[in-house]
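Residue numbers begin at 1 in each chain, while the letters A, B, ... track the order of the sequences. Every heavy atom of this structure was used, including side-chain atoms; hydrogens, water molecules and symmetry mates were not.
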Protein chains: 2
Amino acid sequence: MDGDPPGAAVRMRDVARVAEVSTMTVSRALKHPERVSPEVRARVEQAVREVGYVPNRLAGSLSSSRSNVIGLVVPSIDNSLFASTIQGISDVLRRHGHELMIASSGYGAEAEEAAIRAFLGQRVAGLILHDTTHTPEAVAMIRRAGIPVVENGTLTRQPLDMVVSYSNHDAAMAMTRHLLRLRYRRIGFVTLPLAANGRSRDRRRGYAAALEEAGLPFDPRLVLEVPPGLAAGVEALDRLLAAGGDPDAIFFAGDVLAIGAALECTRRGWPVPGRVAIAAFDNIDLLGHLVPPVTTLRLPRHEIGRRSAEVLLDRIEGRAAGPLTVDLRFEIIHRGST
Amino acid sequence: MDGDPPGAAVRMRDVARVAEVSTMTVSRALKHPERVSPEVRARVEQAVREVGYVPNRLAGSLSSSRSNVIGLVVPSIDNSLFASTIQGISDVLRRHGHELMIASSGYGAEAEEAAIRAFLGQRVAGLILHDTTHTPEAVAMIRRAGIPVVENGTLTRQPLDMVVSYSNHDAAMAMTRHLLRLRYRRIGFVTLPLAANGRSRDRRRGYAAALEEAGLPFDPRLVLEVPPGLAAGVEALDRLLAAGGDPDAIFFAGDVLAIGAALECTRRGWPVPGRVAIAAFDNIDLLGHLVPPVTTLRLPRHEIGRRSAEVLLDRIEGRAAGPLTVDLRFEIIHRGST
DNA sequence: ACGGTAGTGGTTACCGCTAACACGATCCGG
DNA sequence: CCGGATCGTGTTAGCGGTAACCACTACCGT
């Protein structure tokens, strides 16, 4: 089409030449249109289109020490639960002209530290971290950088800065209470590995708290820790029934475990809740479509993303200051499986 | 701890002062350690740790006109199919010290253009686009930028640059053939909206091609277009059975449609494939756990991500040049539902 | 008619880093 | 023992923008 060799980036200079103004005027026409005369603005806009100019934000950010990039660290991208939160973040950021960088920590604090270091290197304007446990070095780096941070894996007692989440403890407690109210007495509890993340630990504490409140003993035979995944749910079902705790209900507090277990019951022709009741922790669409539909918690996944982005932008754009904790609500969805 | 006010970024200068060398030497010690004497290198490394220096890649990229950021545009983040590809990309990039920026196009070419523009503004080193239809302006911008691009939604006849995908056409054709081989003759076909993306169109062409090959007529009563989602699968099942085409099998060529339909059959107590056979298009774990397990295609989602990142890096790091099409294989997983 | 004052647009000096080159020291073969 | 390669480090000049400041031109009320 045109004679420019590919890769020959168009600079503001080129726009300035075509519009017959200085580069500073081009800069202003693009960032503060109201500060240049309508006539010049039109000339600049025309020139921008003519030469196909795309402003270099690396240069812009370096010069103004203002960035429009947000860094997000999630344990895993390949998980629909986080996907929903990411979508929420992304939606809000785009509306405000910000960009999103993503890294996954693989559930490890060292990998998280590496991701944070990389993001700080890119001089992100803010961070959103799903995990709430960080290496001391990571914390130090963030402090040094002085940028706002949102943690959103769980409500945490020692926030780095801002927190947007729901209480994993309260949610697990609420569901356990719900089962107790339905007269289940031997409630099994399955989590993801406790060592790996605070969320699982919070959930287990909530489960224990509800039992204690009801004056029931904590029976180790009723409690299990398994890796994520459908197959693990099946395995958990088997192991729990074999352990001798004789559960009348099982509360699967992680990922897709409940789905695996529920489907396995279908496969074996077991009545649910006749043989054993099943409750889940996630608001995965699917749970409502199983036979029977599975009781679960509605968690504000998408809203966590939205609100996280919002509070971050509020800080970045100077509309707010200081720590902040947003406690989003969850809700029990009672269905046929209990 | 230390007296620095937060936000007072540590610059290379500061490291240089502490290590008693020039900034250039610090730069070298970090990027080309072998070009610096071991003694000086150690002093620099010590100083970096001491002052908590995190290199500013904005400045670095600006100066060297080399970026380590890759931009990815997917139709939607909130979809486990893309999530798996994203994870693949992310894994490879991290290993090579590159960063990932993500935007979603919401299945629209204009939104894609906006995302591409934003990424070019960040001077990304390369782009990965899931969609294969783009606005002319988007194409022009990419050409002008002269950066490598990978498209990975489907094998496309007119690639922008590189393509890493499988053939949606061939995959749909293979599954239709598979059903024909199993003696199904009235095969229903459900897709996502054809207007929205080329992938759906390719799949439908594949379905039609298999029918034609078998000498069977194309019956419009057997073909349906629905939005994504579990509920849509249920709806499709109903509408297809009501349409009078009398299907003996239904091939759901999109998202989680098949799951919705299969669960609905379970709910109604219909034998599958007795009442109607069901085939799906995605390798979602779950399909194998349903009752009966659902026949489907294994698609190289994760590998698409991995390979996309790899070919992109090959180009960026000068190990390869020129257009390239990588045709990844799919596989039929025959299970109880057919 | 004058200083005051918006309102516009240009000039200069960086932002933090790196390419390219310059320079002195050491090393080498002939 | 000298000329040229080699090594290690410093100097200079930007990369492409923007902040801060300055200069110029209306236009104002008194």
Side-chain angles (χ1 to χ4, degrees), chain A residues 7-45 47-48 51-69 118 120-125 144-146, chain B residues 7-45 47-48 51-69 118 120-125 144-146:
Chain A
V10 177
R11 292 142 310 171
M12 197 176 256
R13 248 223 265 326
D14 305 313
V15 177
R17 194 169 346 94
V18 172
E20 300 183 288
V21 294
S22 71
T23 61
M24 196 58 235
T25 300
V26 175
S27 175
R28 270 192 290 253
L30 296 177
K31 284 202 32 167
H32 307 285
E34 76 287 356
R35 290 188 204 166
V36 296
S37 69
E39 182 216 351
V40 169
R41 192 190 315 156
R43 277 219 317 276
V44 170
E45 284 165 1
V48 164
V51 300
Y53 173 63
V54 180
N56 185 332
R57 301 203 120 282
L58 291 175
S61 296
L62 178 60
S63 179
S64 64
S65 36
R66 242 192 309 276
S67 147
N68 70 332
V69 179
L120 294 180
Q122 304 287 345
R123 295 301 187 264
V124 295
R144 236 180 272 131
Chain B
V10 176
R11 292 141 310 170
M12 198 176 257
R13 244 223 273 323
D14 305 314
V15 177
R17 193 167 350 93
V18 172
E20 299 182 289
V21 294
S22 71
T23 61
M24 195 60 234
T25 300
V26 175
S27 174
R28 271 193 288 253
L30 297 176
K31 283 204 31 169
H32 307 284
E34 78 286 358
R35 290 188 205 166
V36 156
S37 71
E39 182 214 351
V40 168
R41 194 189 314 156
R43 276 215 322 272
V44 170
E45 283 165 1
V48 164
V51 302
Y53 174 64
V54 179
N56 184 333
R57 301 202 121 281
L58 260 47
S61 296
L62 180 61
S63 178
S64 64
S65 36
R66 241 191 313 275
S67 148
N68 69 333
V69 178
L120 294 180
Q122 304 287 346
R123 293 301 185 267
V124 295
R144 234 180 274 133

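Under the 3.5 Å distance criterion, the side-chain polar atoms of A:Arg57 are left unmatched by any main-chain donor or acceptor of B:Gln122. A donor-acceptor pair is defined here as one N or O able to donate and one able to accept, closer than 3.5 Å; no such pair exists between the side chain of B:Arg28 and the backbone of B:Arg35. Judged by distance alone, with hydrogens and angles left aside, the side-chain atoms of B:Ser61 form a donor-acceptor pair with the main-chain N or O of B:Arg66 at under 3.5 Å.
Each of A:Arg13 and A:Thr23 has a nearest nucleotide on DNA chain D; the 5'-most of these lies closest to A:Arg13. Comparing B:Val21 and A:Val26 against DNA chain D, the residue whose closest nucleotide sits nearer the 5' end is B:Val21. DNA chain C is contacted by both B:Met24 and B:Leu62; B:Leu62 maps to the nucleotide lying nearer its 5′ end (nearest heavy atom per residue).
The distance between atom CZ of A:Arg17 and atom P of C:dG9, rounded to the nearest whole Å, is 20 Å. We find that CD of A:Glu20 is positioned 14 Å from C1' of C:dG9, with the value rounded to whole Å.
Across all strands, A:Ser64 comes closer than 4.0 Å only to sugar-phosphate atoms, never to a base (heavy-atom distances). Within 4.0 Å of B:Arg28, counting heavy atoms only, lies at least one base atom of the nucleic acid. Residue B:Arg66 is classed as a sugar-phosphate contact, given heavy-atom separations below 4.0 Å to backbone atoms only. Within the nucleic acid shown, B:Ser65 has no heavy atom closer than 4.0 Å to any nucleic acid atom.
The footprint of chain A on DNA chain D, defined by a heavy-atom cutoff below 4.0 Å, extends from D:dG16 to D:dA20.
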>> For a salt bridge (charged side-chain N to carboxylate O under 4.0 Å, His left out) check, start with the C-alpha distance between A:Arg41 and A:Glu45, then their side-chain angles and the critical distance, and finish with the verdict.
In response: CA-CA 6 Å; A:Arg41 192 190 315 156; A:Glu45 284 165 1; 5.2 Å; no
